Structure formats: structure tokens, C-alpha cells
K.L.:
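Here's a structure for you.
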Number of protein chains: 2
Amino acid sequence: MEELITVLGEIKALFNRSLGELSIDCVVFGFHDDQLKVLLLRAKGSDSWMLPGGWILKTEHLEDAAYRILKERTGLDSIFLQQFYTFGANNRYNGKEIMARLGMPPEHNFFPERAVSIGYYALVEYSLVEPKTDFMTEECRWWDVSEIPELLFDHNDIASRALKALRKQFDHEALGFNLLPEKFTLIELQRLYETILGLEKDKLDRRNFQKKMLSYGFLERLEERKTGGAHKAPYLYRFDLEKYAAYQRENEL
Amino acid sequence: MEELITVLGEIKALFNRSLGELSIDCVVFGFHDDQLKVLLLRAKGSDSWMLPGGWILKTEHLEDAAYRILKERTGLDSIFLQQFYTFGANNRYNGKEIMARLGMPPEHNFFPERAVSIGYYALVEYSLVEPKTDFMTEECRWWDVSEIPELLFDHNDIASRALKALRKQFDHEALGFNLLPEKFTLIELQRLYETILGLEKDKLDRRNFQKKMLSYGFLERLEERKTGGAHKAPYLYRFDLEKYAAYQRENEL
DNA sequence: ACACCATTGTGTGATTGTGACACAATGATA
DNA sequence: TATCATTGTGTCACAATCACACAATGGTGT
């Protein structure tokens, strides 16, 4: 109970430093084990999960708020970030109901009646992330996107809209490299594409996929090969950001 | 001076009914004379132009706010509307400077220090719009997108981002029909595509363009032909929303 | 009334891009 | 050292896109 009071106090303090009705929600995507993952938090003393997020401070750039929140949850500084939608239905949630689900006294409801939330999705390298909780939560971990549970607020909507936005952009921009380690094999890249586009394994033809990827000219083949697998060692590749910028300049203008 | 005081009073009242830091800006596109147009407003007693917009009321859905603002400026109810970005840099404008440019006393600055604005673009049929001013403005008219003047706040950024978003979506969705009258000729449709995609006239091959458009199956050729031109009368076509929905279902899932 | 002319309606062949497909080389494993 | 799943690589068929020409038409101007 004492802890609860502390938490409520911290929330109130935070709220006073923030813009009040305006918050950010982040959908953090990672790729591991041929699966697309999302980072979720579980509230203290509750079995309800939610997206990482927070209020925007009064003096803060929108993007800085998103980076701040992501740094707190993942430990990472440099993250690919994309704003995808702003959610502002006036019935996004019921504050008292949420309080109850969080195991908090509804009469201390601290949620503003009307809240607008700006949605960002982030692409991170799975292995670099060290999920961290904050003062309101006691668990932070990756979930398979196909197994996301029922979330608090309208976070299921937000997550599915983020996925849709990711898929759409994925067709037109080379975003995948943000989800892979610096060195990767072409088959890993192919699995990533298949996973994100929702295709079954080997739906994409290996030869055609590799031909196409290499034809863009922004992948650099390293001398090094990946060893440790039980089979012929594949070449490693690197995504060359400068060549990608050149490619974009040629093909967009 | 008396009028100024009235205006400031109205602004204050509006602000109190709204969420304060949160506003909407609308980039309204129309098509006329083979040109893409944007609706702009000129502030009272000033030669500075800006986008239509307004604060979001405390009880309002985001989209409803956008529709309300559009109805007030254009007289139209049913409008194609698309949220495209939320602007929240903490230096989006300097309130006192804006007051000066509006010919208002800077010490009565009513702009919040920090404002977040949600950007929507709208596609409307040019001929149906009757541009209307509000209590803060004395002129509302169409501008050619290629001749947009320097705007107040960060509205030039917002407008150019809207155009970029429009072009991007235009490639993948049949949005153009929102900008045309119900009945149109294929050459009018072609000019629209050329204009929005920034191509010169007749860059698209007439036969190939028409073949492709008709192949989608959501255009219906009417018996009627368009007369009045000085030449052979072209067929009129209609965009069939139901057939378009069917087309989408087949090609997206 | 008639000739004029810009514009419409329509099909085919050339080019390019995409999708299907097979086999020899390799590197761990047993 | 044999095994075996996996890698690396090129060609052909098909589909999509692009380039292109000519007869019909409906106002315009005389």
C-alpha cells in the first residue's frame, strides 16, 4: 500500500512536468528466431500488458520524447524511429476501469479524461536490447507479434496499426537492416523479409531474392563467411548506408 | 482597435473550450485548370497567409475536429481526409513574432509556448468549394501549389510534407477521384495524374494510361459524352466505389 | 454548307522485368 | 572419409510495360 502511494506520487509529479493530455506510445520491433517481436511491459501487481510509452515533457521535442522513452526501456541510444499515426479518439479508454485492472484505487484515477497519443514504431537489433522496467512496471520482455495478448488502453489497435505501417514502408524503403546485426547473410535477410511481409518460409525464391537485393548496389559482400552452421559457410554482407543514400537519390528524384 | 479586442476575446474563449496545446492543420487540395491547388487563409489586417486549422475541443474526436474545420472553410460535409503527420518541434514558432506579423500587440500573445499540431490533408472537388473566412481572417482562396507564399508558423513545412504524403499514397491508392467531379473524361484523369506526380503534360502515353486505368475495372464508361470542347466529344467515366472496394479486396489481402 | 483541324478511340510488336527452375561445391558431423 | 543440408550461380518462359499510327468525329470559321 505504501508503495502504491509512492507510485501515485511519482505519476502526479511526472504529469505536472508534462503536457498532460499528450503522450507517446512506442511499438518496438525486433527480429529473432525467424520471428518478429514486440517489446511489452507488465504493470506492477497486475497481469495486464502494455506498450512502452510516456507523457511528453513541456519543453521537449516530440522525437526527443520518443528517444528518451526508448532509451529507458531498451538501453539503446541510436534507434530507427518512425512516427506512424496519432490516436485521439475521445473514448480511447476508461480511466477508472484501467485503474481497477492495474490494482489501484479507481478514486485515485490519474488518467486524463481525454488523451491524445502519438504512435512511433522503432526498429532495433534484438540482441542489443536489455529490456528494463520503470517504476510502474515489473516486467519488460519481447513478445512474438503473432501472440500479443490483450493489452491495456487501445494498445492493440496501436500495435496492429504500427505493423501495418511497417509492412507498407517495408515495400518501398530498405528498413530491414535496422533489425539485423551489422553483418548478416542473405538467407537471414530473406527470412526477415518473409517474416515481415507475412509470407511462409521459402515463399520468396532464393536466387531471385538475392539477385534483386544485390542489384540495388547497397549491399557489400565481405571476405568473411559465417561459420558455425552445420553446412557450407555463406558469405556475410554489410548494408552500406552511403551507397543506399546514392541509390535513393537516383531512384526517387 | 475595438475589433481587435473582440477577436482576442473570441480566441480566449475558444482556447478555454479546447485542449490548449493541441491543434489541427489542414492542407486542402483541389484540382483546377491542370493545376494542383491549396486553400489558404489571410489573417485580418495582415498580408501573411496560413493553412486552415484550429484547436481541438475538449470532447472532440480528432477526425471530427478536422471535419468541423473543413466544413467551416469549404462548406463541404463529405470530404476525403487523411492524417499524415503530427508536428511537435518545440520551436515551431515564436508567439510574439507571429503576433507582430498579425498586427496584434505582442504583449497579448495568446499562442501557447509549445504547441503540437496534427496534420491532415483533404482532397476536394474544386468547383464545389466556397472558400469562407472566419473571425480571424479576411481572405480565403486557392493557391497554386507551385506558388505557395511564405506562410505563418511552420505551415510551409506542413504543406510540403502533405504534398509528399499525397504523392506517395497516390501511387498505391486510387485517390484522384476525390479531386474530380463525378463524371470526367480519361484525359482529365490523365492530366490529374501528371500534375500530382509532377510530370509534364503528355509524359504519360495516352493509350497506355487509358488501357491501364480501365484494366483495374473500377471505372464505368457512361453513354454520355462530354460536349462543348472544340473537338471530337470524349466519353465520360464514373468512378465506381463498390467495384473499387472489390478491386482492393482482391489485390491487398 | 463545307472544309479544316485538333482531339478521340483503338491494337500490335518490341523491350524490360519478374518468376520458375537444377546442379555442382562446400563444410560441419558422425 | 562418406554423408547431407545448405550455398552459389545462369537461363528460359511469361507477364507487364512501353512505343507507336491512323481513321473517325464534332466544333470552328468561312
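For the numbers below, each heavy atom of this structure counts, side chains included, while hydrogens, waters and symmetry mates do not. The chains referred to below are lettered A, B, ... by the order of the sequence lines, with proteins before strands, and numbering in each begins at 1. Keep in mind the model is a prediction, meaning the values are calculated, not measured.
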K.L.:
Just how far is it from atom OH of A:Y121 to atom CD1 of A:I79, taken to the nearest 0.5 Å?
P.N.:
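If I round to the nearest 0.5 Å, the distance is 14.0 Å.
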K.L.:
May I ask you to check whether B:Y216 and B:Y244 place their ring centers less than 6.0 Å from one another?
P.N.:
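No, ring centres 6.0 Å or more apart.
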K.L.:
May I ask you to check whether B:Q210 and B:Y237 show a side-chain donor-acceptor distance below 3.5 Å?
P.N.:
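No, B:Y237 and B:Q210 have no side-chain donor paired with an acceptor closer than 3.5 Å.
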K.L.:
Closer than 3.5 angstrom, by distance alone: can the side chain of A:N156 be matched with the main-chain N or O of A:E150 as a donor-acceptor pair?
P.N.:
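No; judged by distance alone, with no hydrogens or angles, the pair does not exist.
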K.L.:
Closer than 4.0 Å, any side-chain N/O of B:K211 to the OP1 or OP2 of C:dG11?
P.N.:
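No, outside the criterion.
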K.L.:
Give, ordered by number, those residues of residues 214-226 of chain A having at least one heavy-atom distance below 4.0 Å to an atom of DNA chain C; if nothing qualifies, reply none.
P.N.:
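Those residues whose heavy atoms fall under 4.0 Å from DNA chain C, taken from residues 214-226 of chain A, amount to none.
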K.L.:
Rounded to whole Å, please give me the gap between NZ in B:K212 and C1' in D:dA19.
P.N.:
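So the NZ-C1' distance, B:K212 to D:dA19, works out to 15 Å.
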K.L.:
Considering only heavy atoms, which members of residues 229-240 of chain A lie under 4.0 Å from some atom of DNA chain D?
P.N.:
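The stretch gives A:H231, A:K232, A:P234, A:Y235 as the residues lying under 4.0 Å from the strand, ordered by number.
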K.L.:
Is there a donor-acceptor pair under 3.5 Å between the side chain of A:R42 and the backbone N or O of A:S46?
P.N.:
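Yes: the side chain of A:R42 pairs with the backbone of A:S46.
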K.L.:
Going by heavy atoms closer than 4.0 Å, what residues in residues 191-209 of chain A are next to DNA chain D?
P.N.:
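Those residues whose heavy atoms fall under 4.0 Å from DNA chain D, taken from residues 191-209 of chain A in numerical order, are A:R206, A:R207.
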K.L.:
Assess the pair A:F184 and A:F177: is the distance between their ring centroids shorter than 6.0 Å?
P.N.:
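Yes - the distance between ring centres of A:F184 and A:F177 falls below the 6.0 Å cut-off.
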K.L.:
Please check this pair: side chain of B:Q190 against backbone of B:L204, looking for a donor-acceptor N/O pair closer than 3.5 Å.
P.N.:
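Looks like yes, one N/O pair under 3.5 Å.
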K.L.:
Under 6.0 Å between ring centres, would you say that holds for A:F87 and A:Y85?
P.N.:
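Aromatic pair counts; centres sit under 6.0 Å.
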K.L.:
After noting the C-alpha distance and the side-chain angles of A:K212 and A:N208, does the key distance pass the side-chain contact (heavy atoms from CB on, under 4.5 Å) rule?
P.N.:
CA-CA 6 Å; A:K212 187 161 202 181; A:N208 292 334; over 6 Å; no
K.L.:
Regarding B:L186, tell me which of base, sugar-phosphate or nothing describes its non-hydrogen contacts under 4.0 Å with the strands shown.
P.N.:
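Result for B:L186 = nothing.
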K.L.:
Return the CG to CG distance between A:L51 and A:D25, rounded to the nearest 0.5 Å.
P.N.:
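One gets 5.5 Å once the value is rounded to the nearest 0.5 Å.
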